[in-house]
**Student:** 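This structure is in structure tokens; I'll ask about it shortly.
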Amino acid sequence: MEERREMAPRYAAAAIEPLIYDRWLASGAFTPSVEPPTGAEPFVIAMPPPNVTGSLHVGHALFVTLEDILTRYHRMRGDDTLWLPGVDHASIAAQFVLDKILAEEGENRASLGRDRYLERMWRFMDETRDVIGLQMRRLGASADWTRNRFTMDPMSARAVRTAFKRLHDAGLVYRGEALVNWCPRCRTTISDLEKVPVEETGTLWTIRYHLARPDGTPDPEQSISVATTRPETILGDVAVAVHPDDDRYRGLVGREAILPFLGRRLPIIADAVVDPKFGTGAVKITPAHDPDDYETGRRHGLAAISVLDEEARINAEGGAFAGLDRYEARARIVDELRAMGDLEDERPHQMVVGHCDRCGTVIEPRLSVGWFVRTQPLAERALASVREGRTRIVPDHFTKVYTHWMENIRDWAIGRQLWWGHRIPAWYCPDGHITVSDIEAGPDACATCGRPAGELTQETDIFDTWFSSGLWPFSTLGWPDDTPDMRRFYPTSVMETGYDIVFFWVARMMMLGLFCTGVEPFHTIYLHGLVRADGGVKMSKTKGNTTDPIEVIEEVGADALRFALTSGTTPGADQRLTLAKLERARNFTNKLWNAARFVLGARPDPLVASDGSPTLAERWIASRLAEATERATKQLDELEMSAYAGSIHEFAWSDYCDWFLEMAKVDLRRPDVTDGERARIWRSSASTLAGLLRLLHPVVPYVTEEIWAGLTEAAPDTTDGQPLLIRAAWPAAGGRDAAADADMAVLMTVIRGVRNLRTESGLPAGAWLPLTVVPADAAAREAIERGLGYLPALARVRPIELRQPGDDAGRPPTVASTAVATAWLGGGEASTEGDTRRASQEAHLQRGIERLQALLAGDFATRAPAELVERERARLAELEAQLRLLVGD
RNA sequence: GGGCGGUUAGCUCAGUUGGUCAGAGCACCUCGUUUACACCGAGGGGGUCGGGGGUUCGAGCCCCUCACCGCCCACCA
């Protein structure tokens with residue numbers, strides 16, 4: 001342990017934080033004890049494992065902070081707490097990133113081959129995994145690193161195989177042909193979720209198809225025109241469809257048109273899918289390249305002809321256009337149609353085009369055979385869990401989003417034609433039988449015909465990354481085995497993640513968790529918002545407006561970043577991280593530091609036994625601490641992290657620093673104070689500080705831990721002999737002291753009134769002025785009497801004359817009046833400025849009085865609860881009294 | 001085309017079940033070198049809570065409607 005340093009006036013977060021993290025790590029505090037503490041409730045928080053594709057951004061910092069707050073809180077509560085960290089292998093994203101790196105090295109997937117490519121990927125993973133781990137630690141993540149997991153580790157691989165086999169056995173996965181989303185650049189299938197719709201202005205071309213004469217040749221006189229945004233796909237046309245009730249085309253149904261360039265005969269069919277009002281009312285049918293057409297083709301028994309290859313070039317089916325890229329082909333076809341006189345129209349057209357979420361390339365619907373999860377049965381259970389309250393979504397309004405998606409869910413294409421990921425554990429035998437196995441080495445023989453393993457070939461597709469991510473809450477704990485961790489830490493208490501991945505991840509975890517384990521994978525889904533750049537725009541690397549959390553930490557410290565990200569937010573709502581917010585948070589850590597510097601520095605030496613009874617300041621702050629503790633506990637239990645941060649900030653800054661410490665100074669410096677009393681007052685300061693540190697530790701763990709270290713030396717009895725705050729107990733709320741609260745309220749009112757009066761009257765701020773106080777009644781007088789000792793220092797007044805109620809003889813024009821007392825300062829005449837202020841104050845009072853009089857004259861007085869009416873009456877009386885004083889009767 | 005969220009002081013945002021809720025921080029104005037902190041202290045100015053209706057004794061908070069802003073979902077060629 002480093003030597004105790006002199007506390008500097010500035011808190012040097014960046015220098016201190018790493019040392020503290022090492023202390024935590026060495027203490028083993030992050031890892032749950034081998035045996036769960038007796039009687040402890042389990043608390044398990046789940047995090048979205050970051051993609052191992054690079055370093056963390058400030059959005060990751062947000063989830064680390066929120067999860068760490070809950071983890072630290074529950075650990076202090078004595079719960080059997082686990083926060084299991086890890087990373088996700090992110091197949092498509094990882095390959096996208098690695099491909100770019102390889103390109104710089106003059107290599108590519110093909111030049112390396114599968115094995116060397118994967119080798120290179122593992123090296124890349126090892127590097128980034130370390131970076132992510134270090135960043136999380138720097139943020140203060142008190143996660144259990146002994147259980148650090150990776151979605152590509154053997155434990156996860158086994159869970160993936162098992163889950164797939166069980167789904168297969170249950171008939172919930174199938175292999176089949178379908179039109180899938182294909183990214184020609186990533187060269188893989190992607191799910192509907194990975195396809196992002198982009199509004200674009202394209203072109204709507206109208207193309208004339210000549211009708212076939214009986215001999216099969218095009219009729220130059222007769223034609224039918226179709227509208228399309230994708231002329232290149234006409235090469236795959238197999239029919240032309242019109243609406244059955246469309247009189248314009250009634251006579252044509254059953255006849256045939258001739259496909260330009262290829263001469264294919266296209267039956268003209270009738271189908272209600274056609275909107276007669278759009279375009280020409282006649283639609284070209286291209287089953288292999290359009291989802292609607294695919295369905296239409298199936299209904300009419302039409303062939304599906306693929307004309308594009310995996311890189312979206314025209315294939316051999318395209319005749320003379322073969323080999324051309326889809327956009328080149330489009331231009332050529334349009335040109336030639338125009339030359340032939342068969343391009344009837346060409347106009348700009350607003351449309352939505354699907355792009356690859358990863359690389360931005362326009363997605364191509366592509367006919368292929370692959371593996372799918374039959375989602376409906378799974379979704380029904382996942383819906384019931386939320387509907388019936390076994391899993392709760394916070395904030396609540398996301399329940400609707402979740403429900404809507406689940407109710408309209410479509411089968412999930414889980415195969416990916418990539419290399420990096422879990423290979424689908426299905427084997428094919430030469431006779432076409434499929435064997436699914438959960439054994440790592442694969443099946444011994446074909447499950448259907450018994451052909452030996454040597455004759456079987458494994459599926460080359462890998463799983464969609466989200467399939468393995470979807471098993472996260474239990475694949476990380478040893479499932480499918482019935483491990484101690486499974487029994488102890490499953491299901492998860494709070495699943496904390498961003499709302500942007502509820503479908504990708506949360507929904508899949510719900511479905512797979514329920515299927516695999518039979519229970520909901522988590523009790524609560526807490527969704528946070530996105531962190532946006534200053535100005536409200538989304539952060540993105542291409543825009544260059546990302547915030548590097550480590551840079552921020554080096555500037556203001558991890559605590560400040562954590563506090564800034566936590567406070568002033570609403571669950572599920574986006575937030576902007578501004579410099580002002582970070583500075584405010586940094587100032588707060590500095591404030592704490594200095595408060596501690598004062599308390600620790602004020603320790604009487606020697607510190608004798610305490611003597612005497614607590615002062616008003618001591619009793620009041622104890623009462624306030626009790627209230628703050630109660631509130632913080634409730635807020636954290638209800639996952640209101642922002643409100644928690646705000647309320648403790650308020651308690652620390654206002655109650656403890658601005659009021660209590662200032663009053664404690666008065667008590668400590670009283671000339672007649674005994675050593676025993678001084679010791680008692682100081683111990684109150686220290687123990688309140690200890691309580692404050694405990695309450696604050698979850699959100700600003702470093703600075704509180706550092707101060708705690710000082711406290712354990714200076715006042716061991718306030719820290720339970722616990723050298724590390726991270727292991728200290730969350731405080732139990734003490735009792736309130738109603739009498740102290742009431743006295744303090746009176747005193748604060750008087751002090752604020754006098755301070756206000758000083759400024760309002762234009763009296764010098766630094767001057768000691770005589771004060772006259774006339775209490776409103778005997779009770780107020782007693783309260784003021786009890787707090788009288790604090791008045792001189794806090795209001796900078798002396799001497800003080802405390803009169804009997806009603807005795808306001810010699811009252812000058814400028815006074816401060818409140819419900820509890822009237823007071824005035826001597827030693828100065830009211831300035832001109834004071835006069836104008838008085839005028840505005842008078843108007844203000846007048847307005848308030850009129851409003852209250854109107855209120856009390858109406859139905860309010862008879863219909864509202866009596867206590868409310870009373871309260872308003874009292875307010876009116878007070879305002880009237882103040883006005884009388886102001887205008888001098 | 002549906003659905004959701006937002007619109008509160010100059011800025012960034014809090015406002016739990018309708019009744020001191022009109023708030024915080026920053027910014028602004030005045031004052032302050034009292035031995036924790038100027039990354040500070042004291043005081044102050046500033047908002048008809050997007051517009052318009054309605055329910056209620058009483059509405060940022062509930063209902064209707066309109067206007068912007070943002071997001072999500074969606075197969076119209």
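FYI, side chains are in, hydrogens and waters are out, and symmetry mates aren't considered; it's all heavy atoms of this structure. By convention in this document, chain letters (A, B, ...) are assigned in the order of the sequence lines, proteins followed by strands, and residues within each chain are numbered from 1. Just so you know, these numbers come straight off a predicted model, no measurement behind them.
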**Student:** Given 3.5 Å as the limit, does a donor-acceptor pair link the side chain of A:Asp246 with the main chain of A:Arg248, or not?
**Tutor:** yes
**Student:** Classify A:Gly568 by what it touches in the nucleic acid, base, sugar-phosphate, or nothing, heavy-atom distance under 4.0 Å.
**Tutor:** sugar-phosphate
**Student:** Looking at every strand, decide which applies to A:Arg586 at a 4.0 Å heavy-atom threshold: base, sugar-phosphate, or nothing.
**Tutor:** base
**Student:** Using the P atom as the reference point in each nucleotide, state the distance between B:rU17 and B:rC62 in Å, no decimals.
**Tutor:** 9 Å
**Student:** Indicate, with a heavy-atom threshold strictly under 4.0 Å, whether A:Val274 touches base, sugar-phosphate, or nothing.
**Tutor:** base
**Student:** Say you pick atom C1' in B:rC28 and the same atom in B:rG45; how far apart are they, in whole Å?
**Tutor:** 8 Å
**Student:** Write down the distance separating the C1' atoms in B:rG70 and B:rC61, rounded off to the nearest Å.
**Tutor:** 22 Å
**Student:** What integer number of Å spans the P atoms of B:rG41 and B:rU35?
**Tutor:** 15 Å
**Student:** Taking the side chain as every heavy atom from C-beta outward, state whether A:Arg410 and A:Thr375 have any pair of such atoms under 4.5 Å apart.
**Tutor:** no
**Student:** Please determine if A:Glu627 and A:Arg631 form a salt bridge, counting it only when a charged side-chain N lies under 4.0 Å from a carboxylate O.
**Tutor:** yes
**Student:** Reckon A:Thr228 touches a base, only the sugar-phosphate, or nothing at all at heavy-atom distances under 4.0 Å?
**Tutor:** sugar-phosphate
**Student:** Contact class for A:Phe588 (heavy atom, under 4.0 Å): base, sugar-phosphate, or nothing?
**Tutor:** nothing
**Student:** Please report the distance, rounded to the nearest Å, between CD in A:Glu200 and P in B:rC76.
**Tutor:** 14 Å
**Student:** On RNA chain B, nearest-nucleotide positions of A:Pro276 versus A:Trp653: which is more 5'?
**Tutor:** A:Trp653
**Student:** Parallel, tilted or perpendicular for A:Trp405 and A:Phe503, by the 30°/60° rule?
**Tutor:** parallel
**Student:** Take atom C1' in B:rG15 and the same atom in B:rC76, then report the distance between them in whole Å.
**Tutor:** 45 Å
**Student:** Output the distance between atom CG (A:Leu769) and atom CG (A:Leu757), rounded to the nearest 0.5 Å.
**Tutor:** 9.5 Å
**Student:** Is there a donor-acceptor pair closer than 3.5 Å between any side-chain N or O of A:Arg326 and the backbone N or O of A:Arg230?
**Tutor:** no
**Student:** Rounding to the closest angstrom, what is the interatomic distance between B:rC49 and B:rG60 at atom P?
**Tutor:** 7 Å
**Student:** Between A:Asp667 and A:Lys665, is there a side-chain N and carboxylate O pair less than 4.0 Å apart?
**Tutor:** no
**Student:** With the side chain of A:Ala864 defined as its heavy atoms from C-beta on, choose the nearest nucleotide among B:rG19, B:rA36, B:rC73.
**Tutor:** B:rG19
**Student:** Looking at A:Arg584, does any N or O in its side chain come under 4.0 Å of the phosphate oxygens OP1/OP2 on B:rC26?
**Tutor:** no
**Student:** Whether the side chain of A:Asp559 engages the backbone of A:Ala13 through a donor-acceptor N/O pair (distance < 3.5 Å, no angle test) should be reported.
**Tutor:** no
**Student:** Rounded to the nearest Å, what distance is computed from the CG atom of residue A:Asn594 to the P atom of nucleotide B:rA38?
**Tutor:** 7 Å
**Student:** Kindly label the base of B:rG6 as syn or anti, based on whether its glycosidic torsion lies within 90° of 0.
**Tutor:** anti
**Student:** Hey, does the side chain of A:Asn408 come within less than 4.0 Å of B:rA74's phosphate (OP1/OP2), counting only N and O?
**Tutor:** no
**Student:** So does A:Ser685 get a backbone contact from the side chain of A:Tyr656, meaning a donor-acceptor N/O pair under 3.5 Å?
**Tutor:** yes
**Student:** With a 4.0 Å cut-off on heavy atoms, is A:Glu662 in touch with a base, just the backbone sugar-phosphate, or nothing at all?
**Tutor:** base
**Student:** Report yes if a side-chain nitrogen or oxygen of A:Asn590 is closer than 4.0 Å to either non-bridging phosphate oxygen (OP1 or OP2) of B:rC40; otherwise report no.
**Tutor:** no
**Student:** Under 4.0 Å between any heavy atoms, over every strand shown, what does A:Asp658 touch: base, sugar-phosphate, or nothing? Just pick one.
**Tutor:** sugar-phosphate
**Student:** Would you sort out whether A:Arg299 and A:Asp271 count as a salt bridge (Lys or Arg N to Asp or Glu O under 4.0 Å), showing the intermediate values?
**Tutor:** CA-CA 9 Å; A:Arg299 282 196 293 276; A:Asp271 196 296; 3.1 Å; yes
**Student:** Please check the phosphate of B:rC4 (OP1 and OP2 only) for any side-chain N or O of A:Lys400 closer than 4.0 Å.
**Tutor:** yes
**Student:** Is RNA chain B part of any stem, that is, at least 3 consecutive Watson-Crick or G-U pairs with both distances under 3.5 Å, and where?
**Tutor:** B:1-7 with B:67-73, B:10-13 with B:23-26, B:28-32 with B:40-44, B:50-54 with B:62-66
**Student:** Distance check needed: B:rC75 C1' versus A:Met351 CE, whole Å only.
**Tutor:** 13 Å
**Student:** B:rA77 P sits how many Å from A:Ile285 CD1, rounded?
**Tutor:** 13 Å
**Student:** For A:Arg410 and B:rC75, is the shortest distance between a side-chain N/O and OP1 or OP2 below 4.0 Å?
**Tutor:** yes
**Student:** Applying a 4.0 Å non-hydrogen cut-off, can you work out what A:Lys284 is touching in the nucleic acid: base, sugar-phosphate, or nothing?
**Tutor:** nothing
**Student:** If we take the P atom in both B:rG25 and B:rA9, what is their distance in whole Å?
**Tutor:** 16 Å
**Student:** Measuring only the C1' atom in each nucleotide, how far is B:rC26 from B:rG58? A whole number of Å is fine.
**Tutor:** 34 Å
**Student:** Between A:Arg10 and A:Arg752, which is nearer to the 5' end of RNA chain B once each is assigned its nearest nucleotide?
**Tutor:** A:Arg10
**Student:** Within the structure, does a side-chain N or O atom of A:Arg230 lie under 4.0 Å from either OP1 or OP2 of B:rA77?
**Tutor:** no
**Student:** Could you tell me how far apart A:Leu530 (CG) and B:rG70 (P) are, to the nearest whole angstrom?
**Tutor:** 15 Å
**Student:** B:rA36 base to A:Lys665 side chain: any donor-acceptor pair below 3.5 Å?
**Tutor:** yes
**Student:** Rounded to whole Å, please give me the gap between CG in A:Asp574 and C1' in B:rG5.
**Tutor:** 9 Å
**Student:** Between A:Thr570 and B:rA14, does any side-chain N or O lie under 4.0 Å from OP1 or OP2?
**Tutor:** yes
**Student:** Hey, does A:Arg796 reach any base, or is it just sugar-phosphate, or nothing, if we go heavy atoms under 4.0 Å?
**Tutor:** base
